[in-house]
Amino acid sequence: MSDADDVLGAALPLEYEEDLDPLLDRIGDAACVLIGEASHGTHEYYAWRAAITRRLIAERGFSFVAVEGDWPDCRRVGRSVTLAPGGAEDPRTALNAFERWPTWMWANDETVRFCRWLREHNAGLPPDERAGFYGLDVYSLWESLRAVVDHLAEHRPEYLRTALEAYRCFEPHGEDPRSYGWNTALVPDGCTEEIMALLTRLRRPVSHGDSRDPDEELDVRQNAEVAAGAERYYRTMIGGGPESWNVRDVHMADTLDRLTDFHTHGGQTGKGVVWAHNTHVGDARATDMADAGMVNLGQLARERRGRDRVVIVGFAGGPGEVVAAPSWGDPMEVMTVPPPAHGSLEEVLARSELHRGLFVVPPERDMPAFLTGTLGHRAIGVVYDPDRDPRQYVPTRLADRYDALCWFRITSALAPLHLEAARRGELETMPTGV
């Protein structure tokens, strides 16, 4: 039997939302579904990830979406989709306000469509049953610190001095993470003491039974956690190696745990959907990331919750177009994605001439070789050079990395809300840049 026959024999249709029924059957009672993407700029990945999530929220009672984005920006989106007082009436307004490069990751038409659906869905529910939208990432050091200072000045002035001491420690670096990172090479502790003093004061459980506004308490606590995580991230990033990557993904996993706890009330366990790149959600132990000493969100979610409570969905695609940038901070471009590299997972899938398909990893051990063998799996980050595409592959045992995979033989570019006009934001961990 050929590889093409194996692929076609294992593939399920993926043309309509009803074709997701086998995936929902596989998800079953799982309380955590991590949905990936093979790039940050492909329409099909965003559109079908949204389709899966709509069904999980509408049919399975999932209570929040957590994305690979900054907490403060995503909280503004969350306030819009949950119809919170002061939130934007149209989620597009909140998404269009994203300024940190690369804005196209979330400021795009595909995310707008999903968030408008989510707001409409939530409008018919009581406030404590509305599905939230949150950011998992660690980059927003200064924005999160300012948010903590503003909150404490108004609500808990007894802690304001501690927050101001932390903020002033970072002021000499002019909101430049590289400046802070290089300075800690000379003064290793940096602002760690000030940040931990602040975090110790704010680190307490947040629940719906709290006498204070639980949403406000979650917000200030998480902004303090982001500041602490970002301080560690930028301090370790300068030294290279896997540590900064691990700081970031552990922060994501910890945030996911806090959101699950926050949405667990009334006898109902919080159920969350995660949107992030395949390199974050696919179990690192099924790739060469483990050999490099790296962990990731998918691995940590399985370890902490149990594999039967977590379902991971990966995405893969063939040639087409993608939104990316030629180097860090450059304006976005619509780039051509070449045919997949020889011997890769994508080449095996493309040879079958399957237009698109859903693969659900079966429970039995007797599986076709493309599911169990180690094959290169394309990973396009926000920085991409099509001429160096053969270097963009992660050795992967698909059946161990994911529980299901969505495949698209031809891909198209995401539709950003606005163009990147200038170099913005902070550095990201390398070499994957995802």
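Below, all heavy atoms of this structure are taken into account, side chains as well, without hydrogens, waters or symmetry copies. Note that the numbering runs from 1 along the sequence shown for the chain.
Under a cut-off of 6.0 angstrom, the local environment of CD in Glu120 is sparse, with at most 12 non-hydrogen atoms contributed by other residues, nucleotides or ligands. Heavy atoms of other residues, nucleotides or ligands lying less than 6.0 angstrom from CD of Glu347 number more than 12. Within 6.0 Å of CD in Glu15 there are more than 12 heavy atoms belonging to other residues, nucleotides or ligands. Open room surrounds CG on Asp29; 12 or fewer heavy atoms of other groups in view lie less than 6.0 Å from it.
Inspection of the Ser412 and Glu44 side chains reveals an N or O donor paired with an N or O acceptor under 3.5 Å. Between the side chains of Ser140 and Asp70, no donor N or O sits under 3.5 Å from an acceptor N or O. With hydrogens and angles left out, the side-chain atoms of Thr396 and Arg401 include a donor and acceptor closer than 3.5 Å. Checked by atom type, the side-chain pair Thr111/Asn108 shows a donor-acceptor distance below 3.5 Å. Side-chain contact annotation: Asp261 with Thr264, donor-acceptor N/O pair under 3.5 Å absent.
The shortest distance between side-chain heavy atoms of Val77 and Phe98 falls below 4.5 Å. The side-chain heavy atoms of Leu375 and Ser344, taken from C-beta on, include no pair separated by under 4.5 Å. With a 4.5 Å cut-off on side-chain heavy atoms, Lys271 and Leu56 do not count as touching. Using a 4.5 Å heavy-atom cutoff, the side chains of Met367 and Val361 are in contact. At a threshold of 4.5 Å between non-hydrogen side-chain atoms, the residues Glu333 and Val323 do not count as touching. In this structure, Val274 and Val67 have side chains that are not in contact, with every pair of non-hydrogen atoms separated by 4.5 Å or more. Inter-residue side-chain proximity for Thr42 and Glu37 is flagged as unmet; no heavy-atom pair is nearer than 4.5 Å. Put simply, the side chain of Val334 does not reach to within 4.5 Å of the side chain of Val322, judged on heavy atoms.
With hydrogens and angles disregarded, a donor-acceptor distance shorter than 3.5 Å links the side chain of Gln392 to the backbone of Ala379. For Trp104 (side chain) and Met332 (main-chain N/O), no donor-acceptor pair under 3.5 Å exists by modelled atom type. The backbone N or O of Ile380 sits less than 3.5 Å from a side-chain atom of His277, completing a donor-acceptor pair. Side chain of Thr53 to main chain of Arg49: a donor-acceptor pair is present (N/O by atom type, distance under 3.5 Å, no hydrogens or angles). Using modelled atom types, one side-chain atom of Asn296 and one backbone atom of Ala284 make a donor-acceptor pair closer than 3.5 Å. The backbone N or O of Ala107 lies less than 3.5 Å from no partner atom in the side chain of Asn96, so there is not a single donor-acceptor pair.
Ion pairing between Arg378 and Asp389 holds under the 4.0 Å rule for side-chain N and carboxylate O. Using a cutoff of 4.0 Å between basic side-chain nitrogens and carboxylate oxygens, Arg55 and Glu17 are not scored as salt-bridged. Contact check on Arg248 versus Glu68 returns a salt bridge, with a Lys/Arg side-chain nitrogen under 4.0 Å from an Asp/Glu carboxylate oxygen. Salt bridge annotation for Arg285-Asp291: absent, with no cationic side-chain nitrogen under 4.0 angstrom from a carboxylate oxygen. We find that Arg305 and Asp257 are joined by a salt bridge, their nearest charged nitrogen and carboxylate oxygen being less than 4.0 Å apart.
Relative ring orientation between His121 and Trp117 is described as parallel, the plane-to-plane angle staying below 30° on a 0-90° scale split at 30° and 60°. Ring geometry, His280 versus Trp245: the interplanar angle falls under 30°, so the pair is classed parallel (tilted spans 30 to 60°).
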task = Go through the steps for Val313 and Leu405 under the test side-chain contact (heavy atoms from CB on, under 4.5 Å), then give the verdict.
result = CA-CA 6 Å; Val313 184; Leu405 181 81; over 6 Å; no
task = Before giving the answer on side-chain contact (heavy atoms from CB on, under 4.5 Å), spell out for Leu300 and Val250 the whole-Å C-alpha distance, their side-chain angles and the decisive distance to 0.1 Å.
result = CA-CA 8 Å; Leu300 294 169; Val250 169; 3.9 Å; yes
request  = With side-chain contact (heavy atoms from CB on, under 4.5 Å) as the test, would you mind laying out the steps for Asn223 and Arg146 before giving the verdict?
outcome  = CA-CA 9 Å; Asn223 273 311; Arg146 281 194 292 269; over 6 Å; no
query = Stepwise, does the salt bridge (charged side-chain N to carboxylate O under 4.0 Å, His left out) test hold for Glu89 with Arg119?
reply = CA-CA 9 Å; Glu89 291 188 7; Arg119 179 181 169 92; 5.6 Å; no
query = Please walk me through it: do Asp73 and Arg100 pass salt bridge (charged side-chain N to carboxylate O under 4.0 Å, His left out)?
reply = CA-CA 9 Å; Asp73 285 339; Arg100 188 191 310 284; 5.4 Å; no
message = Please evaluate residues Met289 and Gln299 with respect to the criterion side-chain contact (heavy atoms from CB on, under 4.5 Å), reporting the C-alpha separation (whole Å), side-chain torsions for both, the decisive distance (0.1 Å), and the verdict.
response = CA-CA 11 Å; Met289 296 169 68; Gln299 172 186 342; over 6 Å; no
message = Could you go through Asp403 and Arg302, starting from their C-alpha distance and side-chain angles, then the distance that decides it, and tell me whether this counts as salt bridge (charged side-chain N to carboxylate O under 4.0 Å, His left out)?
response = CA-CA 12 Å; Asp403 298 294; Arg302 281 176 167 175; 3.3 Å; yes
request  = For salt bridge (charged side-chain N to carboxylate O under 4.0 Å, His left out), just list the numbers for Arg409 and Glu353, CA-CA rounded to whole Å, side-chain angles, deciding distance to a tenth of an Å, and then say yes or no.
outcome  = CA-CA 8 Å; Arg409 191 168 189 270; Glu353 299 189 358; 5.1 Å; no
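Residue Ala325 comes nearest to Pro331 through the heavy atom pair CB-O, 3.9 Å, listed as atom of the first residue, atom of the second, then distance. Here the closest non-hydrogen pair linking Cys406 and Ile52 is SG-CD1, 4.5 Å. For the pair Cys115 and Val81, the tightest heavy-atom approach, listed with the atom from each and the gap, is O-CG1, 3.5 Å. Of all heavy-atom pairs spanning Gly317 and Thr411, the tightest one is CA-CG2, 3.9 Å. Heavy-atom minimum distance, Leu354 versus Ala11: CD2-CB, 3.6 Å. Taking both residues in full, the closest heavy atoms of Leu34 and Gly298 are given as CD2-CA, 3.7 Å, listed atom of the first, atom of the second, then distance.
To the nearest 0.5 Å, the span separating CZ on Arg356 from CG on Leu12 amounts to 14.5 Å. Distance check, rounded to the nearest 0.5 Å: CG of Asp249 to CE of Met252 gives 5.5 Å. Note that the NE2 atom of His263 and the CZ atom of Phe64 stand 6.0 Å from one another [nearest 0.5 Å]. Taken to the nearest 0.5 Å, the CG atom of Leu358 stands 12.0 Å off from the CZ atom of Arg26. Taken from OH in Tyr134 to CG in Leu218, the straight-line distance is 6.0 Å, to the nearest 0.5 Å. A distance of 10.0 Å separates OG in Ser39 from CE in Met105, rounded to the nearest 0.5 Å.
By the 6.0 Å and 45° rule, Arg60 does not stack over the aromatic ring of Phe62.
Screening Tyr393, Tyr402, Phe370 against His377 for a ring-ring contact (aromatic ring centres under 6.0 Å, His included) leaves a single residue, Tyr402. In summary, of the residues considered (Trp275, Trp407, Phe315), a ring-ring contact (aromatic ring centres under 6.0 Å, His included) with Tyr45 occurs for Phe315 alone.
Outside the 6.0 Å centre-distance limit, the rings of Tyr46 and His40 are not counted as a close aromatic pair.
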